[in-house]
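Notes for the one structure printed next.
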2 protein chains.
Amino acid sequence: MPNQPFLSAPATSATVALERALSVHKPLDETGLAAVRACFATSVEMLHGPGVDLTPEFRRSAARLVVRGWIARGAALEDGRRQIVGLHLPGDVMAAPAANEADLSVWTLTDAATICAERFWREAETARAAGQGVGPAWNALRAAERTRLVHQIVRLGRLSAFERTAHLLVELHERQVRVGLAPPGEIALPLTQDVLADILGLSVVHMNRTLQQMRRRGLISYQGGRVVLPDPAALHQAGRRVAPDGQAPSS
Amino acid sequence: MPNQPFLSAPATSATVALERALSVHKPLDETGLAAVRACFATSVEMLHGPGVDLTPEFRRSAARLVVRGWIARGAALEDGRRQIVGLHLPGDVMAAPAANEADLSVWTLTDAATICAERFWREAETARAAGQGVGPAWNALRAAERTRLVHQIVRLGRLSAFERTAHLLVELHERQVRVGLAPPGEIALPLTQDVLADILGLSVVHMNRTLQQMRRRGLISYQGGRVVLPDPAALHQAGRRVAPDGQAPSS
DNA sequence: CGGGACCTTGATTATCTTCAATGCTAGTGG
DNA sequence: CCACTAGCATTGAAGATAATCAAGGTCCCG
């Protein structure tokens, strides 16, 4: 259990995922591309094992780019309950939990690699205020992050366990397909049901049963951290309607 | 039911609440004060009745300052379910729902007055990127808004109805006391239990019973839109622990 | 007085949690 | 190679929490 981060080779291509994410809004030209890369030129990738608290990293840099792996941001209550607020995927720029979010922490869910993004953050924010360069794209990324928070609230507040699950999977699907992390109809999901439960505000047991229900209905199938969505549209529909407790088709 | 907004006198002092909110971080000097006021000098206050959708207003201006009244931002599902994502109080600057938040809407909960804040928004964002003028204060306000979203997620995901209610009340209390909207130990709460239920992801019936429970335990008392908190610390505690179903002390 | 908005109550049902096992698989050390 | 363990998925049973359904009740207002 490597609690101690390792250093890795200086990474010039570590920004590939970020470049893709920014390009979703509008493809970056050569100048923009170079500017983004320059922000990470002197930085060194840091490797983290799974289940590692990233708070120490954030003490040194207030923003980090996810190069590889899945990272969770969430709160842990005194009595052991845990709520994951959002997920960070490769290409995401994570801000350190703010001072008024002292109860929040950020930790790795899988093996992961991150890199300091303070310089990029500053430059992107400036560009945003000016509406120049990566500004609009960066703005779109930040807006998408906020929208995900809002969706999380609606999920937890008003959707049933079944709907929540479908809704989350659809969101992850769109998010991954958009930046090329997964082909259409598939999701990379290297998460235990335990973690999924903490995202969706459910108990592990109920999470398990809900996933079984979705499999029985043929909405999903999965193995080894890879989820297949035979009919994304149907799943999308399931995320916005109350799911009647239908009979299992098998015998 | 005035669905049509009225115009009111040009408002120079409409920014009082905003000035207070900004000053929480660091008192504004004369220059800063003047700069803020200048952003609203030529604007006209707009009056809205309760229960009015503000989407049309946002079509004309992407940001509005709440001068008076309570405003909700939330999503309505096709089948009638409704989840309020956040509340806007006097002094808040509301951004129009983003393009990727098409399912979101903003509506008044009480009589309200708003004013266009596009110019202020632009200037504040510039100041923020530069770290000058109202930049830091504006940054703090925006961070606080994000923190409230996060808290909302934790509430809905992992707190019981009782805890949720306590947690929300504590948050509203701190928020109002900070900007002088309520004296310590009190909260202005001009909301129906129906609306509270839509904030906390509960049914109206259960909302009602939960509030009764809190009253029976002496944690709150209220009448006419004004909640009294005899012991804010106890309420705060109630927001972070599972509430055992104790007996009512009366009789 | 009637109507509407809101609060309250009781009874019933559904959803979800908790508790307690069991099984499976991969990794580990003998 | 095999017992041994740890982490994860799964299952059944029981219980808690919250939703739903269906009435009343109160207050205010036209």
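Numbered from 1 within each chain, the chains take letters A, B, ... in sequence-line order.
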Quick one: list whatever passes side chain to side chain donor-acceptor pair (under 3.5 Å) with A:R64, sequence neighbours left out. A:S61, A:T114
Produce a footprint string for nucleotides 9-16 of chain D: one letter per nucleotide, 5' end first; B if the base is under 4.0 Å from any protein heavy atom, S if only the sugar-phosphate is, - if neither. SBBBB---
Atom pairs under 3.5 Å, N or O on each side, protein against nucleotides 23-27 of chain C: can you list them with distances?
none

Looking at every strand, decide which applies to A:G201 at a 4.0 Å heavy-atom threshold: base, sugar-phosphate, or nothing. sugar-phosphate
Quick one: which residue pairs count as a ring pair (Phe, Tyr, Trp, His ring centres under 6.0 Å) with a foot in residues 166-213 of chain B, not counting sequence neighbours? B:H151-B:H167
Tell me the bend of the helix from C:dT8-D:dA23 to C:dG30-D:dC1 as the angle between end helix axes, each from five pairs, rounded to the nearest 10 degrees. 30°
Go through the structure and list residues passing side-chain contact (heavy atoms from CB on, under 4.5 Å) with B:P230, not counting sequence neighbours. none
Write down the distance between CD (B:Q223) and P (C:dC6), rounded to a whole number of angstrom. 19 Å
Using side chain to side chain donor-acceptor pair (under 3.5 Å) as the criterion, list what pairs up with B:T55, not counting sequence neighbours. B:D53
Just to verify, what does A:A144 make a side-chain contact (heavy atoms from CB on, under 4.5 Å) with, not counting sequence neighbours? A:R148, B:N100
Which residues pass the side chain to side chain donor-acceptor pair (under 3.5 Å) test with A:R82, sequence neighbours left out? none
Using whole Å, report how far CG of A:L202 lies from C1' of C:dC16. 8 Å
For residues 184-198 of chain B, the side-chain hydrogen bond (donor to acceptor under 3.5 Å, both in side chains) pairs (sequence neighbours left out) are A:R158-B:D198, B:E186-B:R226, B:Q193-B:N208, B:Q193-B:Y222
Can you list the residues that meet the side chain to side chain donor-acceptor pair (under 3.5 Å) rule with A:R73, with sequence neighbours excluded? A:H88
Would you say B:T147's side chain and A:E101's backbone share a donor-acceptor pair under 3.5 angstrom? no
Contact list for residues 205-215 of chain A, test salt bridge (Lys or Arg N to Asp or Glu O under 4.0 Å), sequence neighbours left out: none
